[in-house]
Amino acid sequence: MTGRIYLSPPDVGPLEESYVLRAIRSGWVAPLGPEVEAFEREVADRVGTAGALALNSGTSALHLALLALGAGPGSVVVAPTMTFAATANAAVYTGAEPVFVDCDPATGNMDVAALAEMLGVLRRSGEKVAAVLIADMFGTCADYDALLPVCEAAGVPVVEDAAQALGATYRGRPAASFGRLSALSFNGNKIITTSGGGMLLSDDEALLARCRHLATQAREPVPHYEHVDVGYNYRLSNLLAALGRAQLHRLDGMMRRRRLVRERYAKLFSGVPGVRLLGDGDEGSNCWLTSIVVDPERTGWAAAELGAHLAARDIETRHVWKPMHRQPVFAGCRSVVTGASDRLFAQGLTLPSGSVLDDGRLARVIGAVEQFLDAR
């Protein structure tokens, strides 16, 4: 079997085609419409929140969430350093200052002690903290039983960045239900996709209504165009919502496939000293991406060497996120750093994990890894 093997490509088929065709034939081809409304209800029901707001990206959801909570110039947003740039960028869009907190080395999620330290520093300096952004990394929920009391004690609301975690659970509770506001992403590489898109969820219907207003150019409910606030063109297309509804129906099956892939990788590396799976053992994970962490002092080889070996065989891999405190654009930002995220960046490698990774392609990846290990 030839052809490039990708990390997490879209998994779409006949069901998605039928939903999108139905939406086209309905005449609702512009933004908003019945598919959007149904998609919002279905995702809110799946997550268990009072409401949802369908948007054109997960980044838009984070931006609106922070605006609704009062983030802006003169305020601070606490964010994980081990995350994709969109998490931190959303804070910058509001004019707030992002400050970064290191991660738990076992999962890549926010370190509880480091968060407490950062909030203590900000409290002592008298700064306004608009929100704590907590991300669920690679489909594994953060340790909310430990994190939420720290935020509550500091009097700071939580925004859950569950962009990678739809379908995951933490102690039986769904991802995207832990924040005052929570964000999902339906980008092309996510567990389900609307091509591009996202969603904001909350039990606070007043906050959602505020975000809905801002997302539709902040038009006032009068016969002419009237604007009291600066708004945004952030709403989701009816056609893309139809695609998302079909994907949502298939979510559980896609998670099962990704878990099977993860289990095969776990078996593959179980006898290799110095290699572990990031977040291994979390039964609530949606297994969006499977990353290994390599200790080169024990293995005699580095994660980057395996990545280069697989790249030469047309198999895509990726480093885990480069920490935000190491990004040139955020070089001047404050942070509480333990070194955990730096080590994960240096030692982590994400392997092909998608639900379209069929048995033949998975065997090709495993065979290439075995070839690399045998050579060492």
Between [X] and [Y], do the side chains contain an N or O donor and an N or O acceptor separated by less than 3.5 Å?
X	Y	answer
Asp136	Tyr144	yes
Thr299	Arg376	no
Thr290	Arg262	yes

Side-chain touch [X]/[Y], heavy atoms, less than 4.5 angstrom:
X	Y	value
Val261	Cys287	no
Leu69	Leu207	yes
Asp145	Tyr170	yes
Arg364	Arg313	no
Met199	Leu166	no
Arg235	Val36	yes
Arg41	Arg245	no
Pro34	Asn238	yes

Quiz item: What do you reckon, are the aromatic ring centroids of His309 and Phe372 less than 6.0 Å apart?
Solution: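 Yes, the ring centres sit under 6.0 Å apart.
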
Quiz item: With a 6.0 Å cut-off on ring centres, are Tyr19 and Phe39 close enough?
Solution: no

State whether the side chain of [X] and the backbone N or O of [Y] hold a donor-acceptor pair below 3.5 Å, judged by distance alone.
X	Y	result
Ser202	Arg180	yes
Asn109	Thr140	yes
Thr193	Ser195	yes
Glu160	Phe178	yes
Thr194	Leu240	no
Arg259	Ser285	yes
Glu97	Cys333	no
Glu40	Ala54	yes
Asn187	Asn189	no
Ser177	Pro174	yes

Quick one: do [X] and [Y] make a salt bridge, cutoff under 4.0 Å?
X	Y	value
Asp11	Arg257	no
Asp252	Arg46	yes
Asp229	Arg210	yes
Arg343	Glu297	no

Please report the shortest heavy-atom distance between [X] and [Y], naming the atom on each side.
X	Y	result
Lys128	Gly70	NZ-O, 3.2 Å
Ala130	Val156	C-CG1, 4.4 Å
Leu310	Ala368	CD2-CB, 3.6 Å
Thr59	Ala86	OG1-CB, 3.5 Å
Leu200	Ala61	CD1-O, 3.5 Å
Ser335	His325	OG-CB, 4.0 Å

Self-check item: Positive for side-chain contact (heavy atoms from CB on, under 4.5 Å) with Leu133, one of Val101, Val158, Thr87, Val78
Solution: Thr87

Quiz item: Using the ring of each side chain (for Trp, its six-membered ring), is Tyr265 parallel, tilted or perpendicular to Phe269, with breaks at 30° and 60°?
Solution: tilted

Exercise. Can you label the angle between the Phe138 ring and the Trp288 ring as parallel, tilted or perpendicular, going by 30° and 60°?
Key: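 Parallel.
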
Exercise. Could you please spell out the steps behind the side-chain contact (heavy atoms from CB on, under 4.5 Å) verdict for Gln164 and Leu289?
Key: CA-CA 9 Å; Gln164 306 168 22; Leu289 292 179; over 6 Å; no

Quiz item: Are Glu220 and His227 close enough, and set up right, to give a side-chain contact (heavy atoms from CB on, under 4.5 Å), and what steps lead you there?
Solution: CA-CA 6 Å; Glu220 295 297 316; His227 304 272; 5.8 Å; no

Kindly check if the number of other-residue, nucleotide or ligand heavy atoms within 6.0 Å of [atom1] ([X]) is above 12?
X	atom1	value
Arg22	CZ	yes
His213	NE2	yes
Arg25	CZ	no

Exercise. Show your reasoning for whether side-chain contact (heavy atoms from CB on, under 4.5 Å) applies to Met324 and Thr83.
Key: CA-CA 7 Å; Met324 292 300 101; Thr83 188; 3.9 Å; yes

Quiz prompt | Check against side-chain hydrogen bond (donor to acceptor under 3.5 Å, both in side chains), Ser8 and Arg258 | solution = CA-CA 10 Å; Ser8 181; Arg258 288 179 186 257; 3.1 Å; yes

Exercise. Assess whether side-chain contact (heavy atoms from CB on, under 4.5 Å) is satisfied between Leu362 and Ile5, documenting all intermediate values.
Key: CA-CA 9 Å; Leu362 181 56; Ile5 295 177; over 6 Å; no

